[in-house]
**Q** 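Got a structure for you, written out below as structure tokens; questions coming shortly.
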Amino acid sequence: MEYKLFKHLKTILFTIIAVTTLTINIGAQDISGLQLPFESVATTNSASSIAWNPAGLGFDNGSGFNIAQTHFSRDLFRDTGLYFAGKGLGYSVELLGSDKSRTKQTIAAGFGGDDTFSWGFGYSWFKSADRRYRALNVRTVAFTSRPWKFLSMAGKWNSIRGTNYPEIRFVGPIPPKPQDNYRIGIGLRPFGNNITITTDLNVDKKSAGNVSTLIYGLEIWSNKGLSVNAMYDELGNYEFGLEIGFPTKSLRNSNSFDDAGEYLSSTIVLDSREHFRETNLHTKGRYLKLNLKGDIPDSPQRGYFFSRGPRTTAEWVRLIEKARGDDSVNGIILNIGRFGGGMATVSEIRNALLRFKEDGKNVIVYAEILTGKGLLLASAADMIIMNPSGYLYFTGLTASISYYKGLLDKIGVEVEYIRVGRYKSAVEPFSFDSMSYSFREELDAILDDYQNYYIDGISEGRNRSKDDIRMLQDNGPFTASEALKSELIDKIAYEDEIDEIIKKKYGLKSIVKIKARDYEKRKKLKREWSDKKKIAIIHLSGAIIPGESRGGSLLGAKTASRIIKYARKDPSIKAIILRIDSGGGTALGADIIWNELKHAKGKKPIIASFGDIAASGAYYLAMPADTILAEKTTLTGSIGIFMALPKVKELYKKLGIRQEVIKRGKHSDILSANRMWTEEEKELFQRQIDELYQDFVNKVSEGRGMTSVEVDSVGMGRLWTGEDALDIGLIDVIGGMREAEDLSLKMTGLNREDVEFVTFSASRRSKIGIGTLLKESVSNKFYTDDPLIEAIIEEIGFYGDLLTLMKEAGLMLMLPYELEIE
């Protein structure tokens with residue numbers, strides 16, 4: 001009831017303002033330009049900053065434009081102004097006088113490195129048939145400082161030139177020589193962002209002496225888009241105004257009076273900008289249209305020719321959360337096709353959709369082809385619509401590993417390895433003919449957890465029993481009509497029929513669809529003063545190597561450490577979130593990143609959020625984190641180590657190649673590809689990896705508060721799902737990026753509205769395949785390249801490149817096989 005009353009009250013007030021403004025005509029305007037509603041030079045930061053204080057353009061409130069019209073009480077004419085602003089630049093044109101024969105144009109710019117300080121510059125000139133006006137120009141220099149969230153200070157200097165005509169008025173008669181105008185302002189918010197009190201001192205330099213005037217202002221802002229404004233100056237003039245906010249627009253009216261209470265002028269301003277504001281006035285039937293197709297990387301990627309890459313998991317979640325908090329968005333239309341990403345990726349996006357629905361909003365899914373993962377995601381929707389010729393591949397889960405020993409035997413390549421942990425199965429695809437018992441045991445446990453999550457989610461979403469869903473899984477795949485009959489989807493229709501279906505279901509007269517790219521650009525209207533506190537989100541994705549990150553998903557330890565060090569030393573960054581999606585890499589690279597995080601531990605909260613996989617070396621480097629989060633389906637752990645080298649002695653024989661070796665030192669050719677290790681050399685390497693394994697165990701023991709025996713019992717290279725990892729103490733919380741952000745706020749004692757989450761990517765991901773870049777990207781080599789070996793190994797494809805990485809990188813904390821679960 002209160003909501004409806006408030007909504008109707010705003011509508012009535014809006015109508016009164018519009019009608020009143022359009023029927024009032026008021027008197028003469030001075031040559032300073034159109035009389036906008038009062039704003040303090042200390043508080044302005046929209047397109048009206050062009051007139052009040054160009055330094056306001058330097059603050060982040062996005063592009064926009066204002067349309068303003070002023071009516072005067074005596075001379076019966078109206079002034080009209082257009083104000084355009086974006087990227088710190090502004091331009092305005094004001095049509096002045098009863099016949100609009102005089103115009104004032106202004107160009108302005110604001111430069112601010114952050115939200116605490118900005119410089120501004122402006123230049124104004126007139127056009128008119130009257131040469132007295134053509135002689136006039138105004139040059140402006142200004143600044144705004146907002147050191148704290150309760151204080152804003154600003155100053156502006158107008159240098160007025162060419163005014164030698166006393167007939168022209170500028171806040172009173174202009175003296176027969178140029179004059180300057182100064183203005184300083186202070187804004188205070190003693191009770192938070194909703195009440196702003198301002199005081200401005202305006203000084204006009206005149207031949208008879210300076211004339212100073214104090215101006216007082218008050219703004220009371222409602223978080224739902226309604227604000228009241230008032231102004232009073234020492235001359236007895238006063239002004240009252242009202243602003244009504246829409247999602248990306250606002251309408252403001254102000255009325256001014258003199259000290260005798262006589263009506264002077266009225267101004268109405270339409271303010272439009274990319275930023276959206278909280279408001280109760282919005283159109284019903286606004287739906288955000290999303291297309292979930294193709295790759296979903298965990299770390300930001302570059303697109304081709306300066307285009308943006310695919311949306312990351314975190315960006316998908318953030319976009320849905322943004323729409324969740326926007327009252328102007330009623331629902332989401334999600335078009336699902338074939339998409340990349342693992343089960344944890346599906347889980348994060350699905351949970352974001354479920355939270356979206358908790359606020360009374362609806363989700364509609366349309367699909368032409370749905371995989372099992374697609375159905376799991378779609379099961380979060382209120383309605384699933386499928387194309388009449390669509391297909392549902394709901395058949396269950398499969399884990400597949402390719403074994404290459406037979407191929408390597410045929411070409412004469414043998415992979416020699418040493419490992420710690422019977423579950424450290426990284427070398428199996430190259431050294432075994434088939435899956436070992438321990439590896440099968442590990443994968444069976446993972447698939448069981450995945451299957452339970454998979455069935456539970458679809459059962460809950462489709463409101464069917466788990467037994468029903470298992471039975472349907474065994475009867476798949478399905479055509480669209482079969483899926484409808486089995487109640488796995490709700491409707492069969494073409495995409496162009498979706499609007500009518502939604503209107504009928506929710507009783508809407510029309511549908512307004514918002515494109516994701518356009519919506520993503522819109523930021524929430526920022527009213528806070530001072531720079532927000534920051535929380536750093538550092539993406540660590542790809543194979544971990546020493547040195548710098550390179551294309552093809554190689555995560556350089558030096559690159560990652562530099563970013564972590566910056567986040568540690570920047571005083572505005574209050575916490576660090578590590579977003580990890582990696583199967584590990586070199587022991588050296590992981591340890592370098594671990595060391596840098598160790599320096600940050602205790603200085604700022606560190607939260608690790610695991611994506612689809614954070615295993616082996618990627619788990620190792622997360623040990624300094626205060627809290628570790630993972631989805632139930634995240635793959636993690638794999639506490640183990642191995643070393644493997646390809647041997648090509650038999651290949652050389654087949655090719656008729658004979659290699660002669662002259663050496664100094666018993667083990668100088670220990671890394672040779674042309675001979676097998678001796679028993680003594682195997683023992684030497686075994687001692688080394690045993691030592692490194694114990695170091696791994698000790699770091700996990702310290703980071704997780706477990707004994708070495710406890711770590712070893714869940715280690716031995718075994719991979720765990722997030723759900724099992726929680727039970728055995730390898731992680732702390734089930735959750736994704738949203739939960740990690742919430743935890744960082746709790747640990748820092750900050751509110752979400754007072755914080756900016758800033759993203760850093762330590763990975764230089766590209767759309768070029770790892771198969772061609774992996775070998776080229778590793779520069780820290782242990783021995784000389786052999787072009788012939790590399791040419792042959794490249795023919796093997798992906799696994800051949802991984803063999804090359806093992807050859808060049810030495811001791812590994814990694815899962816170099818591709819585990820495909822669909």
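Please read these numbers as outputs of a predicted model, since none were measured by experiment.
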**Q** Measuring from atom CZ of F394 to atom CG of D474, what distance do you get when rounded to the nearest 0.5 angstrom?
**A** 8.5 Å
**Q** Hey, what do you get for CD (E321) to CG (L353), rounding to the nearest 0.5 Å?
**A** 9.5 Å
**Q** Would you call I628 and L730 a side-chain contact if the rule is heavy atoms closer than 4.5 Å?
**A** no
**Q** If every non-hydrogen atom of G611 is compared with every non-hydrogen atom of T634, which pair is closest and at what distance?
**A** O-OG1, 2.8 Å
**Q** Under a 3.5 Å threshold, yes or no: a donor from one side chain and an acceptor from the other, between E348 and T313?
**A** no
**Q** Nearest 0.5 angstrom please: I613 CD1 to L635 CG, how far?
**A** 5.0 Å
**Q** I would like to know whether D742 and K746 meet salt bridge (Lys or Arg N to Asp or Glu O under 4.0 Å); could you show each step before the answer?
**A** CA-CA 6 Å; D742 289 342; K746 182 178 179 181; over 6 Å; no
**Q** Quick one: does any side-chain atom of S638 pair with a main-chain N or O of A615 as donor and acceptor, under 3.5 Å?
**A** no
**Q** Below 4.5 Å, heavy atoms only, C-beta onward: do I401 and P429 meet side chain to side chain?
**A** yes
**Q** Do you know which two heavy atoms are closest between A618 and S582, and how far apart they sit?
**A** CB-O, 3.3 Å
**Q** What are the two closest non-hydrogen atoms of I320 and A352, and how far apart are they?
**A** CG2-O, 3.6 Å
**Q** Considering all heavy atoms of both residues, which atom of A560 and which atom of L540 are nearest to each other, and what is their separation?
**A** CB-CD2, 3.8 Å
**Q** Is there a donor-acceptor pair under 3.5 Å between the side chain of S549 and the backbone N or O of G556?
**A** yes
**Q** Would you say V420 and Q686 make side-chain contact, with heavy atoms under 4.5 Å?
**A** yes
**Q** Do side-chain atoms of R350 reach the backbone of L376 as a donor and acceptor pair under 3.5 angstrom?
**A** yes
**Q** When you measure from the centre of the six-membered ring of F760, is the NZ or CZ of R562 under 6.0 Å away and within 45° of the axis?
**A** no
**Q** Can you measure from CG (L588) to CD1 (I545) and round to the nearest 0.5 angstrom?
**A** 10.5 Å
**Q** Any luck finding a side-chain donor-acceptor pair between S541 and D581 under 3.5 Å?
**A** no
**Q** Does atom NZ (K534) have a neighbourhood of more than 12 heavy atoms from anything else shown, all under 6.0 Å?
**A** yes
**Q** First locate atom CG of L629, then atom CZ of R738, and finally report the distance between them rounded to the nearest 0.5 Å.
**A** 13.5 Å
**Q** Can you tell if the side chain of I349 reaches within under 4.5 Å of the side chain of I296, non-hydrogen atoms only?
**A** yes
**Q** Mind checking ring-ring contact (aromatic ring centres under 6.0 Å, His included) for F432 and listing every partner two or more places apart, or none if nothing turns up?
**A** none
**Q** Distance alone, cut at 3.5 Å: any donor-acceptor contact between the side chains of Y453 and S347?
**A** yes
**Q** What's the shortest heavy-atom distance between R338 and I369, and which atoms?
**A** NH2-CG2, 4.2 Å
**Q** Check the surroundings of atom CD in E691: do more than 12 heavy atoms from other residues, nucleotides or ligands lie under 6.0 Å from it?
**A** no
**Q** Under the criterion side-chain contact (heavy atoms from CB on, under 4.5 Å), I'd like the reasoning laid out for T721 against K632: C-alpha separation, chi angles, the key distance, then a yes or no.
**A** CA-CA 6 Å; T721 62; K632 289 182 178 180; over 6 Å; no
**Q** Sub-3.5 Å donor-acceptor pair from the side chain of D570 to the main-chain atoms of Y566, do we have one?
**A** no
**Q** If you measure from CD1 on I689 to CZ on F685, what distance do you get to the nearest 0.5 Å?
**A** 10.0 Å
**Q** Is a side-chain N or O of S431 found less than 3.5 angstrom from the main chain of V415, in a donor-acceptor match?
**A** yes
**Q** Whether R718 engages the ring of W720 as a cation-pi pair (distance to the six-membered ring centre under 6.0 angstrom, angle to the ring normal within 45°) should be assessed.
**A** yes
**Q** Could you walk me through whether I537 and M737 pass the side-chain contact (heavy atoms from CB on, under 4.5 Å) check?
**A** CA-CA 9 Å; I537 300 174; M737 274 300 300; 3.6 Å; yes
**Q** For E741, is there any backbone N or O sitting under 3.5 Å from a side-chain donor or acceptor partner on S744?
**A** yes
**Q** Taking H599's backbone N and O only, do any of them form a donor-acceptor pair with K603's side chain (distance below 3.5 Å, no angle check)?
**A** yes
**Q** Quick check: closest heavy atoms across K604 and A575, and the distance to 0.1 Å?
**A** CB-CA, 4.4 Å
**Q** Given the rule in the side-chain contact (heavy atoms from CB on, under 4.5 Å) test, do F430 and E414 qualify, once you have shown the distances and angles that lead to the verdict?
**A** CA-CA 8 Å; F430 314 109; E414 182 176 354; over 6 Å; no
**Q** Run M747 and D626 through side-chain contact (heavy atoms from CB on, under 4.5 Å) and show every step you take.
**A** CA-CA 10 Å; M747 295 174 74; D626 299 295; 3.9 Å; yes
**Q** Quick one, V700 and Y619 - any side-chain contact, counting heavy atoms below 4.5 Å?
**A** yes
**Q** Any luck finding a side-chain donor-acceptor pair between S561 and E596 under 3.5 Å?
**A** no
**Q** Would you call K466 and E460 a salt bridge, taking side-chain N to carboxylate O under 4.0 Å as the test?
**A** no
**Q** Is D298 salt-bridged to R579, going by a charged N under 4.0 Å from an acidic O?
**A** yes
**Q** Quick one: does F339's side chain get under 4.5 Å of V346's, heavy atoms only?
**A** yes
**Q** Could you check if a side-chain atom of R355 sits within less than 4.5 angstrom of a side-chain atom of V317, using non-hydrogen atoms only?
**A** yes
**Q** Do the charged groups of D695 and K699 touch, with an N to O distance under 4.0 Å?
**A** yes
**Q** Around K565, counting heavy atoms of other residues, nucleotides and ligands shown, do more than 12 lie under 6.0 Å from its NZ?
**A** no
**Q** Of W594, Y620, F642, which is the lone residue that meets ring-ring contact (aromatic ring centres under 6.0 Å, His included) with F696?
**A** Y620
**Q** Say whether E702 and N698, considering side chains only, have a donor N or O and an acceptor N or O under 3.5 Å apart.
**A** no
**Q** Does the side chain of E428 pick up a donor-acceptor pair with the side chain of S436 at under 3.5 Å?
**A** yes
**Q** Donor-acceptor pair, S379 side chain versus G461 backbone, under 3.5 Å?
**A** no
**Q** If we only count heavy atoms from C-beta on, is the T345 to W316 side-chain gap below 4.5 Å?
**A** no
